[in-house]
Amino acid sequence: MSDLFDNIIPLDPPFEPMAQGAVLLRGAALPFEKDVLAALNRIVAQSPFRHMVTPGGFTMSVAMTNCGAAGWVTDRSGYRYDRDDPETGRPWPAMPESFHELALSAASLAGYPGFRPDACLINRYEPGARLSLHQDKNERDLTNPIVSVSLGLPAIFQFGGLKRNDPIRKFALRHGDVAVWGGPSRLFYHGVPELKEGMHETVGRMRINLTFRGAL
Ligand SMILES: O=C(O)CCC(=O)C(=O)O
Ligand SMILES: [Mn+2]
């Protein structure tokens, strides 16, 4: 039996405002999922996930790698973007076209058309991993938004304001969701508390986050 609504295809993913200039696009990555996960495997084969060390000497619980013209790195000397992977001594893997398409599509839905990132930080959270409140401020051109894609296990996203102690709002991030923040919220504090135990049917016992930036 056909239903009155069977032929209605939603044109845009549900759009949840997070703050001025910031929006959560539910499921916006799902059309790109297969290509993105295949490309991710190729990236990780060239530049594997690793636990970086903060300038203060702490080993991060989130494992990271990068693709694109530059990658975000931290070590005892500080945070920076580097054109080469310090582990391999070679340039980071190129940004796959499926990554570009996903970033461009989500950014334009969020009101930031023409986004062509030159860096993608790839975060792998296993249960227990967390990312404390921080600002993304190592990028040269802050007119570009941040496009942040969630895949795999669900997580809580903490989104605050320009000051570390501003009130924090919490958003549940699920497989396929994309958060975009720019303009007045580009430098807002954000973080991810400890990932809960679980198993995702395609991604497994982890959460993958792709964070697209205009870094150089
Ligand atoms: O994992 C997330 O959702 C956020 C990641 C993040 O803030 C970062 O990589 O700078
Ligand atoms: Mn961040």
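One-based numbering, in listed order, for ligands and for the atoms of each.
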Whether Asp166 side chain and Leu162 backbone form a donor-acceptor pair below 3.5 Å: yes
Sub-3.5 Å donor-acceptor pair from the side chain of Arg174 to the main-chain atoms of Ala172, do we have one? no
Under 4.0 Å from any heavy atom of Leu131, which atoms of ligand 1 are there? 5 (C), 6 (C), 7 (O), 8 (C)
Which of the ligand 1 atoms, numbered from 1, are nearer than 4.0 Å to a heavy atom of Asp136: 10 (O)
Under 4.0 Å from any heavy atom of Leu121, which atoms of ligand 1 are there? 9 (O)
Is there a polar contact, in the sense of an N or O pair closer than 3.5 Å, between His134 and ligand 1? yes
Is Tyr125 close enough to touch ligand 1? Criterion: a residue heavy atom under 4.0 Å from a ligand atom. yes
Ring centre gap for Phe115 and Phe212 strictly below 6.0 Å: no
Identify the closest protein heavy atom to atom 9 (O) of ligand 1: which residue and atom is it, and at what distance? Asn123 ND2, 2.8 Å
Verify the distance criterion only: is there a donor paired with an acceptor across the side chains of Ser47 and Asp85 at less than 3.5 Å? yes
Would you say Asp136 and His134 are linked by a side-chain donor-acceptor pair, where the criterion is simply a distance under 3.5 Å? yes
Ligand 1 and Trp181, any nitrogen or oxygen pair closer than 3.5 angstrom? no
Answer yes or no for Arg207: is there a heavy-atom contact with ligand 1 below 4.0 Å? yes
Counting the benzene-type ring for Trp, do Phe188 and Trp181 have ring centres under 6.0 Å apart? no
Under 3.5 Å, is there a donor-acceptor pair between the side chain of Arg213 and the main chain of Pro117? no
Of all N/O/S atoms in Asp136, which lies nearest to the Mn ion (ligand 2)? OD1
Check contact between Arg213 and ligand 1, using heavy atoms of the residue and a distance below 4.0 angstrom. yes
